[in-house]
Q: 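Pasting in a structure now, in C-alpha cells, and then I'll have a few things to ask.
Owing to the predicted nature of the structure, the values given are computational and were not obtained by experimental measurement. When a ligand or atom number is given, it counts from 1 through the structure's own listing order. Keep in mind that the numbers below use all heavy atoms, side chains included, and drop hydrogens, waters and symmetry copies. Index from 1, following the sequence.
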Amino acid sequence: MSKIDRTTFHDLRSFLRYLREQGELHEIDRQVDKSWELGTICRENFDREGPALVFNRIDDYKTPLVVGVLGTLKRYAMALGVPPKTGAFVEAWRRAYDNPIKPMKVQSAPCKEVKTTSIDLFGDPFPIPIWHPLDAGPELGTFHAVITKDPETGWINVGTYRNQILEKDKLGCLVIPYRHIGLHWHKWKKLGKPMPVAIALGLDPYLSLVGVSAVPAEVHEYDIAGGLAGRPIEVVEAETSDLPVPANAEIVIEGLMPVDEFYPEEAPFGEFTGYMGTKRYNSHFIVVKCVIHRKEPYFQGTYEGRPPSESTTTRSIGRSAAMLEHLKRAGVPGIVDVCVTPAGCAGFHTVVAIEKRYPGHVRDIFGHVWGQPTMFSKHVTVVDSDIDPWNPTQVEWAVSTRVQADRDVEIVKRGKSIVLDPSQVPSLRGWSALMGIDATKPVDEYERDKTEPFPPTTDPKPDWLERVRARWGEYGFADQQVRREER
Ligand SMILES: Cc1cc2nc3c(=O)[nH]c(=O)nc-3n(C[C@H](O)[C@H](O)[C@H](O)COP(=O)(O)O)c2cc1C
C-alpha cells in the first residue's frame, strides 16, 4: 500500500503501517523513563515537526505507546487522502458534514480479545507517562475518544476529554459544562442515574479527528468520522452498557460517572495553553468497571502543551471546519474561509475571511464566532477575501494597514471563556473580555470622507501574475519553490 487511500485506515495499526512506509514513523527501542524522559522527547519532537513516534520500551511495560500520528499537516493530509493544503482539509470536512455515513454494528471485535474486570489502571497495558514536570499524576486519556449517550434522544457523543488516573479503578474527567459531555451529564443528573462512559484508546485517524473537533450538538460523531473515512466506522456494543464502541480500537475502558458525587482533587495538568492548569476541586470522575483490549495492544496518547503539537494541529483544522459549518448553518452570508489559528492554541483566536456585503456584516460575524456554543474564541479578526486567514503574515499585514483601533476594534467586557486561560486572573476564570478586530478595508469610511478612495495594492495585475507563473520554469530558477498559499 503506497498510494494515499483514505478508505484503508480502518484502525490505528493500518495507519501506522502506512506512516512507516512513508518514512513518517520512528520507533524508539531504547528504554525510556515515563516519569520525565518520554514527555521531554515528545516536546522536542513536536518542536522539530518530527515523525510519529512508537515507544517500544517504556520502563518495564510490555505495551508500546504511540504519539503524534496526526501531529503535522502532512500526516493529517495522509489520513484524509488529500494534498497537505488547508483548503483541501476544509473541503474534506465539508464533504463529511454533507455526506455523513452511519456506523456499522458488528458482533465480534478485535477490541474484545481480552476482558478484565479486576481493574488496575497503573499496570500493563497502560504505560502512562507523567507528560509534564508539574503534572499531578499520570494522565491516561490525552488522545482518545470518550463516548457517552444523551439519555433522551440517543445522540452519541465522541469527544476527547482528559483523564488523570486518580486511583487504580478511578479516572478523572475534565467536564466543561458547555461541552457535549457536559450536556449529556446534565441530563443523566436530572434522571438521577450515573452516566455510562466508554473510553476508547488507539483509534483509526478519523475517530481521533472527530474527537477533538467541535462537531455540532446532536450530530453523531461516528457519522462524521464515517464521512471523513468514506466508509462506515465499525462499532460493537460495550460490555457493561449499550454504548457503541469502536470495534477496531486497541483498548476500551468502561465505567460510570456519578452525578451526585465528586472527587475531592484532580490536576494540575500541563494544558493546551502551554501553561499548567490549576488544581480542580470536586471534579467529575469515572469508576471503572471493565477493561477490554486487543491481545497485544498499542497504547495511544499525546503530549499537550504550547503549539506546535498534535493537539494544536488537529484542533485548529477541526475547529476551523466546525466554525465554518457553524457560520454557514447560521446563514451568515459572504463567508469565504475560517482559521482558528494554531498559534492561538487552536482556540483563542479566529480569523474569518469574507466578501463584505452590508454595514454591520463584520459585527454579525463577531457575534456568531463569540456565540459558537462549544468554543471560546475571545479574539476574532475579520479580513477581506484577498487575505488568506491561514497565513499569519497576510493577516498581520491587513491588521497593520486596514485597522484604526478606535474605529475597528470592538471590546465586550464580559464573555464566555475557558477556565484554563491564564491571561484571566484566577477569581474571574471562565469569564473573558472579547475582542473583535475589523481588518477589512475601510471602504465605506473612505466614501464618507469624500476625499479619495481606499488605495489599490501594489501587487501586479492578476493576469500578469498568471502569465509569469506559467513561464516560471523558463526564468531558470534553480528549484521550483512552492508559493506559500499553494503548500
Ligand atoms: C489532547 C486533547 C485533550 C483535550 N482535553 C479536553 C478536556 O479535558 N476537556 C475538554 O472539554 N476538552 C478537551 N479537549 C478539547 C475537546 O476535545 C474538543 O473541544 C472537542 O470538540 C470536544 O468535543 P465536543 O465538541 O463534542 O464537546 C482536548 C483536546 C485535545 C486535542
Side-chain angles (χ1 to χ4, degrees), residues 39 42 46 66-71 76 93 129 131-132 135-136 139-150 155-164 171-186 197 199-201 203 205 207-225 257 266-274 277 280 283-286 300-323 325-326 340 342 345-348 372-377 416-421 430:
C42 291
F46 282 139
V66 177
V67 179
V69 288
L70 293 162
Y76 199 113
W93 273 96
W131 294 96
H132 319 93
D135 284 359
E139 198 81 27
L140 171 140
T142 50
F143 208 65
H144 59 319
V146 180
I147 299 145
T148 55
K149 182 173 173 173
D150 181 326
W155 159 41
I156 300 290
N157 184 56
V158 177
T160 302
Y161 312 103
R162 66 170 172 73
N163 310 111
Q164 181 188 329
L171 282 171
C173 190
L174 175 55
V175 176
I176 297 170
Y178 53 77
R179 288 278 157 74
H180 294 157
I181 192 171
L183 306 185
H184 285 186
W185 181 84
H186 193 72
V197 181
I199 298 173
L201 297 131
L203 301 169
L207 283 171
S208 295
L209 291 181
V210 296
V212 302
S213 303
V215 173
E218 308 289 340
V219 175
H220 295 258
E221 259 127 342
Y222 277 125
D223 303 7
I224 304 300
M257 185 181 283
E266 184 252 352
F269 176 62
E271 298 290 354
F272 73 97
T273 57
R280 295 168 61 81
S283 60
H284 297 80
F285 70 103
I286 299 162
Q300 188 180 17
T302 206
Y303 174 95
E304 270 283 34
R306 63 171 166 75
S309 70
E310 182 171 37
S311 171
T312 41
T313 302
T314 52
R315 283 183 298 110
S316 171
I317 294 167
R319 285 182 170 164
S320 299
M323 187 64 88
E325 190 65 18
H326 168 72
V340 179
C345 306
F348 292 121
Q372 201 287 349
T374 57
M375 289 191 226
F376 47 87
S377 185
K416 178 182 73 169
S417 180
I418 188 160
V419 288
L420 299 170
D421 179 356

Q: Run through ligand 1 for me and note each protein residue having a heavy atom under 4.0 Å from it, chain first, then residue number.
A: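 Contacting ligand 1 under 4.0 Å are Thr142, Asn157, Thr160, Tyr161, Arg162, Leu174, Ile176, Arg179, His180, Gly211, Val212, Ser213, Ala214, Glu221, Thr302, Glu304, Ser311, Arg315, Arg319.
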Q: Taking all non-hydrogen atoms of both residues, which atom of Cys173 and which atom of Ile181 are closest, and how far apart?
A: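 That closest heavy-atom pairing would be SG-CD1, 4.1 Å.
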Q: Scan the side chains in residues 217-224 for donor-acceptor partners under 3.5 Å anywhere in the protein, sequence neighbours excluded, and list what turns up.
A:
residue : atom : partner : partner atom : Å
His220  : ND1  : Ile156  : N            : 3.4
Glu221  : OE1  : Val158  : N            : 2.9
Tyr222  : OH   : Pro244  : O            : 2.7
Asp223  : OD2  : Lys102  : NZ           : 3.2

Q: Kindly write out the residues that satisfy side chain to side chain donor-acceptor pair (under 3.5 Å) with Thr312, not counting sequence neighbours, or none if the list is empty.
A: Ser309
Q: Please give me the minimum heavy-atom distance between Leu70 and Thr313, naming the atom from each residue.
A: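 Leu70 and Thr313 have their closest heavy atoms at O-CG2, 3.9 Å.
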Q: Side chains of Pro268 and His132, heavy atoms from C-beta outward: is any pair under 4.5 Å?
A: no
Q: Which residues pass the salt bridge (Lys or Arg N to Asp or Glu O under 4.0 Å) test with Arg280, not counting sequence neighbours?
A: Glu266
